[in-house]
Each structure stands twice: as structure tokens, then as C-alpha cells.
2 protein chains.
Amino acid sequence: MAMGRPRAFDADAALDQAMEVFWRHGYEGATIAQLTEAMSINPPSLYAAFGSKEGLLKAALDRYTAKRNCWMEGILSAPTAREVAERMLVGTADTQTDPANPPGCLLVQGGLACGTGSENVPFELAARRAETENQLRDRFVRAKAEGDLKESADPAALARYLSAVNAGMGVMASSGADREALRQVAAVSVKAFEEQSNS
Amino acid sequence: MAMGRPRAFDADAALDQAMEVFWRHGYEGATIAQLTEAMSINPPSLYAAFGSKEGLLKAALDRYTAKRNCWMEGILSAPTAREVAERMLVGTADTQTDPANPPGCLLVQGGLACGTGSENVPFELAARRAETENQLRDRFVRAKAEGDLKESADPAALARYLSAVNAGMGVMASSGADREALRQVAAVSVKAFEEQSNS
DNA sequence: CCATAAATGTAGTGAGCGCTACAAATGTGG
DNA sequence: CCACATTTGTAGCGCTCACTACATTTATGG
């Protein structure tokens, strides 16, 4: 049997372009016209490949979180909980103000609240944020077992705290905070960790 | 000369209803149909009173920030910087999970990124958030002058930090974090302040 | 070289959007 | 009680939205 005409565009490259549009305008603010233009394809190609606007978002998020998990590996491999926190927050300050991307974090910018019919989108983004939080929590459970965090420290609370600061930095970056400002936030935030660390 | 037919609805009560819709669905996710239904008026009344959807948002934000400034007075009157931080963050944990309102903060939920033509909305929200940050900064400048904060403390950085945590808690609340979880975040956050305080 | 299968580009579709024209209703000033 | 100014409800405007029908093109299997 025949295999059909092959796809003429690179799906991953197209997803990177779509990611940028969602990042800059949010899910609801991004239009199919903007997406197809950025991806250099026509609507039927988009729908054949990704099914729907929401399907395209999920595919873009998969790609985003894949990169992010890779980035997180470098963070989580830090020797102590305090250094995990520092690398994470300083790294966030830098990536969220990287001129190569829109400011802020796609998982926050994408949409915290959506209109009727798109209620799934905020859930989807929240689930991806939760993944990072869980990675941090697991790392801090280990840090506690290793005696790196005090006996009184709560790994889940610390992970939630880092996740909150991370999201907050995303909000500030999206409204124009520069790298220096975010690094100051990171520096103050890390102090909360020193209280929880052994020496 | 004649004065014209009087308005048949209470503008402030209508704004409270509009506020809730924007809060729950974001600026772009909220439709005129939803807004008018919640406000119990018809579109012409909305446009006569507020000019446009964006005008309605601004009017709702004015009302929101008026309440917020009132709330902030109670926060800023705390005797020390550390207590300002604690009251603020714990208060945020409570108000952002108050079942009387949609979860999170309108100034964050409203829209961080918008479509072409609504670029003003994120700016508007950011400006209101910045107002709170400035109030905090001024308060910490005073705290430093009073010797309540260490000589090495940076009031602007501390205000920015609180603002970031606040926004971050809004993000988490909007994705379902409960009061207990946010209070834990507040508790950890406050520790960063103890490092900056004199005894 | 032909039959088949899938992707492409053109050109729309119905639905829902923000917003408004218009006539009727309702108050005030003289 | 009348002339006027403004609001109200009905109905619908033009536009843009996410999405798709369809004919064409481009590959593969036999």
C-alpha cells in the first residue's frame, strides 16, 4: 500500500514557533492566524498534525517541559538543598529574562484563567508546574535523609515555596522586571533556605 | 433643562459582579454576555456607563485597588518590617483562598499576556501590582531608618521579594492550592525576613 | 507507470465576539 | 403638563474566531 505524501515542514521547528506565540500572547490571546504564520504552514496542516488549538498547545508544552526537565537535572544535581534553591532561582532569573524568549514562563503566561470551553488549559499548565514542584520535593526529601536539611524542615513546604517564588518571578518578568531585579529576588529568597539548612 | 432618565442599577454593585467575572475568567476569557448577565444589565447600559470592555475592567480595578489599599493600611501599620511581611503573606494566603471570591488575585488572574489589541491590559494590571510594591518599599525605607532593618538590607529588593511571593501565591491559589499550603509558603517566606531584621 | 494514501493551498463555514442603532420608557426643569 | 435629556430593552451590526471541504500535489507500493 502507498504511504502518502510526506510532511513538508519540521514539526519540532514549527512547535518552537508556536510555543513562542503562546508564550507571548497566552493561549486565548494567540490566534490560529498568528500561529500558522509563525509556523509557516496553513491551517489544514496544523489541524492534521495537532488536531486542535488545544492539541497544539499540549504538543508545544510537551516540548517545553522536555527542555525544562533537562534543565532541572542540572539543578537537582546540586550537592545541597540550599544550592538547589540557589541554582534554580538564579537560573530562573536568567532564563525568564533571556531575550531569546518572551519574558516570563510559558507555564504561567500561558493562561491562569480562561474562558468557558477552555477550562482545561489552566489545569494543563498547573499540572506541568506541579511536576517541577514534585521533583523539588523529592530532592528535598533526599536532602533531609542525607542530613543536609534540618530535622524540622518540611520538604513539601520548601518545594512549594520555591515553586511559588518561581511563579512570582515569572509574573514580574512578564511585566518588565529586568534580570538584575529578579536576581535580587532570588538572593533574598535563598535566605529562607539557610534557616533550614545544617551549617 | 431636563436631567434625563436616572440610572436604574447600582454601579458599584454591578462592578463587584463584573470584578468576579474578570477574576474567574481573566480579561479575555470574560465575555460581554457573561458580564452583562452577572451585572443584571443589558449591553447598552454597560457601554453608556463604562465606555468599553476595557473601561469596565479599569473601573472594576479601581474598586479592587481601593479595597486593597484599605487592606494594605492595616498591613503597613505593623510595628516592624518582619511583621509587615508576616501579616501581608498570611493575609494573602487567607484572602486568596476566601471562598467568597474566586481563588487567586485579580491583578494576576486578570491577564499576564493578551492578544493583539489588548496589550494595555497586562500593563494596567502590572501598574496596580507595582503600587503595592511601592507602598512596601516606602515602608521598608522607614523601617531601615528606624533601625528595624539591618544597615545592609535593601528596601526595594525586599519589597520586590514580597511582591513576587505574593504573585506566586496567587498563581498557586488559582490552580487549587488550599489555605494550609499557602500559609506554609508564607511561613517559609517570612524566614527570609528574619535574616534582614535586627533581633 | 499506475493506483493509493497522505499533505497541501485556496477559500471558505457557522458561531460567537465586542459593540451599537433605534424606539420606547422615565425621570427633571420650566 | 409639557419639552427635553438620558437610560433601557430589543435586535442585530460587522468582524474575527477556530476550524474544514475540496481539489491538487507529491510521495510510495506493486
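Only this structure's heavy atoms are used, side chains among them; waters, hydrogens and symmetry mates stay out. Residue numbers begin at 1 in each chain, while the letters A, B, ... track the order of the sequences.
At whole-Å resolution of the value, CG in B/Leu35 and C1' in C/dG16 are 15 Å apart. For A/Glu28 and C/dC17, the CD to P distance is 11 Å, given to the nearest whole Å. Rounded to whole Å, the distance from CZ on B/Phe50 to P on C/dC19 is 14 Å. To the nearest angstrom, C1' of D/dT16 lies 12 Å from NZ of A/Lys53. Separating the CG atom of B/Asn42 from the P atom of C/dA21 is a distance of 16 Å, rounded to the nearest angstrom. Taking atom CG of residue B/Leu46 and atom C1' of nucleotide D/dT8, one finds them 13 Å apart after rounding to whole Å. Atoms CD1 (A/Ile41) and C1' (D/dT20) sit 15 Å apart, rounded to a whole Å. Nucleotide C/dC19 holds its P atom 13 Å from the CE atom of B/Met39, rounded to whole Å.
Of all the heavy atoms in A/Thr97 and A/Asp178, the pair that sits closest is CG2-C, 3.9 Å. Annotation for A/Pro79 and A/Arg139: closest pair O-NH2, 3.3 Å, computed over non-hydrogen atoms. Closest of all the heavy-atom pairs between B/Pro99 and B/Arg179 is CD-NH2, 4.3 Å.
In terms of position along DNA chain C, the nucleotide closest to B/Ser52 lies nearer the 5' end than the nucleotide closest to the other residue of the pair B/Gly4 and B/Ser52. If B/Arg5 and B/Tyr27 are placed on DNA chain C by their nearest nucleotide, the residue sitting closer to the 5' end is B/Tyr27.
Counting only heavy atoms from C-beta on, A/Pro44 has its side chain closest to C/dT10 among C/dG18, D/dA18, C/dT10. Here C/dT28 is the nucleotide among C/dC19, D/dG9, C/dT28 with the atom lying nearest to any side-chain atom of B/Met3. For A/Ile32, the listed nucleotide lying nearest its side chain is D/dA18; candidates were D/dA18, C/dT20, C/dG18. Nearest to the side-chain atoms of A/Arg7 among the listed nucleotides C/dT8, D/dT8, C/dG18 stands C/dT8. Among the nucleotides D/dT28, D/dC19, D/dT8, the one closest to any side-chain atom of A/Tyr47 is D/dC19.
In terms of phosphate contacts, B/Ser45 brings a side-chain nitrogen or oxygen within less than 4.0 Å of OP1 or OP2 of D/dT8.
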